[in-house]
Engineer: 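Attaching a single structure in structure tokens format; questions to follow.
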Amino acid sequence: MQTRDEIRNIAIIAHVDHGKTTLVDQLLHHSGTFRDNEAVDDRAMDSNDLEKERGITILAKNTAINYGDTRVNILDTPGHADFGGEVERIMKMVDGVLLVVDAYEGCMPQTRFVLKKALEQNLKPVVVLNKIDRPNARPGEVVDEVLDLFIELGANDDQLEFPVVYASALQGTSGEEPEDQQETMDPIFKVIMDYVPAPSHDVNATLQFQITLLDYNDYVGRIGVGRIVRGNMKVGDHVSLIKKDGTIKKFRITKLFGFIGLKRVEIESAEAGDIIAIAGLEDINVGETVCSVDDPDPLPILRIDEPTLQMT
Ligand code: GDP
């Protein structure tokens, strides 16, 4: 086993409008992942119209943020109960979650829904109380509400010790206390570093990589997104794809993609703990496992129940 201290994989979860998109934009800006003169046209988490049109919207976007020497992968998560399967699959790719709650509105139905999923997956949440700048913000009460919700949803002792950071994503401030706000996102990055475990995997074992989300690109066709569970892969490798019915297809990896900021970038190789995307086989579907040709060992089937993915 090898611990990859240079990586954190987290999902960001919240009720709609509590500020996920604004917060991820701020984290990007403050980390310097974008050069100062490089405008961010798209808001971080907005889904791509083309993908929407094709009906294979992945609905979740990976934003990779370099903070010092650490790469933080932040996976967006749909809050709606129709996408329970997708939420579960995303949670299997991460080691922690960032729960964003509006400091005025407090816990809402989708807060409960996504938090329940995270707690079930044994993930340790970090809580961000956002919109602390709102005139009617009531951070003390809302933290109590969040704690009550954790208890009600059966959080374990570890999970109950969640750290809280107070923030105004809109104004670009955060801090350990509501009245102690700094014009930086460092307090948020620091709790992520301290509380979310780094991935720990066997990078020398035979490859296992499960397709968790689908994406599409006009040049390379269908793209499977997921986390490498064990082993490693590189462009040109011959691998086996285990279909859901157990049949095996062999293919060659033509392209591997990593992420920088909001962009997908080509990479040559990747290893266990990395969240990556893979191209080379049109007939790739959610839940299928890519493994080494010599050791075809499928991962357990994933739940798929969201309407947009029932298209093949
Ligand atoms: P999402 O649905 O969780 O992605 O939420 P958005 O990031 O799109 O934010 C929803 C609305 O809340 C937008 O109008 C934001 O400008 C606003 N908003 C986000 N963060 C803050 C904040 O810290 N303070 C205030 N006052 N408004 C915010």
Side-chain angles (χ1 to χ4, degrees), residues 10-31 33-34 39-49 51-52 57-65 72-83 86-87 90-91 94 96-118 125-143 145-146 149 164-189 191-192 213 261-262 306:
I10 59 170
I12 186 163
I13 62 178
H15 187 78
V16 65
D17 278 347
H18 281 196
K20 276 193 304 189
T21 312
T22 312
L23 184 63
V24 171
D25 282 349
Q26 283 293 354
L27 293 172
L28 271 168
H29 283 293
H30 283 261
S31 71
T33 303
F34 287 96
V40 188
D41 296 334
D42 298 328
R43 297 214 317 159
M45 296 296 185
D46 282 351
S47 44
N48 179 313
D49 288 344
E51 287 170 355
K52 239 185 223 161
T57 308
I58 59 170
L59 295 165
K61 296 284 178 194
N62 181 13
T63 305
I65 301 182
V72 184
N73 285 306
I74 304 183
L75 295 176
D76 187 22
T77 314
H80 200 276
D82 281 357
F83 298 95
E86 177 164 340
V87 173
I90 291 167
M91 302 239 175
V94 297
V97 293
L98 206 58
L99 172 68
V100 182
V101 184
D102 184 321
Y104 166 70
E105 237 179 43
C107 297
M108 297 296 280
Q110 290 170 23
T111 314
R112 161 186 285 267
F113 172 73
V114 286
L115 178 61
K116 184 162 183 281
K117 297 276 182 199
V126 167
V127 175
V128 175
L129 233 62
N130 190 33
K131 307 203 187 184
I132 204 76
D133 61 286
R134 286 182 72 168
N136 303 326
R138 42 186 193 96
E141 276 168 52
V142 173
V143 168
E145 275 178 32
V146 172
L149 186 60
V164 181
V165 187
Y166 301 84
S168 166
L170 191 66
Q171 298 180 344
T173 68
S174 68
E176 284 175 21
E177 301 296 336
E179 51 289 320
D180 177 22
Q181 293 288 297
Q182 310 168 24
E183 289 188 1
T184 159
M185 292 286 116
D186 284 341
I188 296 181
F189 280 117
V191 285
I192 294 173
L213 303 163
L262 310 177
E306 57 272 20

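Counting starts at 1 for both ligands and their atoms, in listed order.
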Engineer: Going through the checks in order, is the side chain to side chain contact (heavy atoms under 4.5 Å, CB included) test met by L213 and E86?
Structural biologist: CA-CA 8 Å; L213 303 163; E86 177 164 340; 3.8 Å; yes

Engineer: Not counting sequence neighbours, list each pair that qualifies as a side chain to side chain donor-acceptor pair (under 3.5 Å) and has a residue in residues 104-116.
Structural biologist: H18-E105, R112-E152, K116-E120

Engineer: Quick one: which ligand 1 atoms are inside 4.0 Å of a heavy atom on S168?
Structural biologist: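 Those of ligand 1 that fall under 4.0 Å from S168 are 23 (O).
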
Engineer: Decide whether an N or O pair under 3.5 Å exists between D133 and ligand 1.
Structural biologist: yes

Engineer: Would you check whether I132 has a nitrogen or oxygen atom less than 3.5 angstrom from a nitrogen or oxygen atom of ligand 1?
Structural biologist: no

Engineer: Does Q182, at its CD atom, have more than 12 non-hydrogen atoms belonging to other residues, nucleotides or ligands within less than 6.0 Å?
Structural biologist: yes

Engineer: Mind listing the side-chain donor-acceptor pairs of residues 171-181 below 3.5 Å, one per line with the distance, residues two or more places apart or on another chain?
Structural biologist:
residue, atom, partner, partner atom, Å
T173, OG1, Q181, OE1, 2.8
S174, OG, T184, O, 2.9
Q181, OE1, S174, N, 3.4
Q181, NE2, Y166, O, 3.2
Q181, NE2, E177, O, 3.3

Engineer: Apply the salt bridge (charged side-chain N to carboxylate O under 4.0 Å, His left out) test between D102 and each candidate in R134, K20, R138; give the one that qualifies.
Structural biologist: R134

Engineer: Apply side chain to side chain contact (heavy atoms under 4.5 Å, CB included) to the pair I10 and V72, showing each step before the final yes or no.
Structural biologist: CA-CA 7 Å; I10 59 170; V72 184; 4.2 Å; yes

Engineer: Can you list the ligand 1 atoms lying under 4.0 Å from a non-hydrogen atom of R134?
Structural biologist: 26 (N)

Engineer: With heavy atoms of D17 as the reference, note each atom of ligand 1 found under 4.0 Å away.
Structural biologist: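 Ligand 1 atoms under the 4.0 Å threshold to D17: 1 (P), 2 (O), 3 (O), 5 (O), 10 (C), 12 (O).
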
Engineer: Among T22, N130, T21, which residue places a heavy atom closest to atom 15 (C) of ligand 1?
Structural biologist: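 Going through T22, N130, T21 one by one, T22 has the nearest heavy atom to atom 15 (C) of ligand 1.
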
Engineer: Geometry only, no angles: is V16 polar-contacting ligand 1 at N/O separations under 3.5 Å?
Structural biologist: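 No, there is no polar N/O contact under 3.5 Å.
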
Engineer: Treating T77 as the side-chain partner and I12 as the backbone partner, does any N or O pair qualify as donor plus acceptor under 3.5 Å?
Structural biologist: yes

Engineer: Number the atoms of ligand 1 from 1 as they appear, then name those within less than 4.0 Å of a heavy atom of L170, with their elements.
Structural biologist: 16 (O), 20 (N), 21 (C), 22 (C), 23 (O), 24 (N), 25 (C), 26 (N), 27 (N), 28 (C)

Engineer: State the atoms of ligand 1, each with its element, that fall below the 4.0 Å cut-off from a heavy-atom position in H18.
Structural biologist: 3 (O)

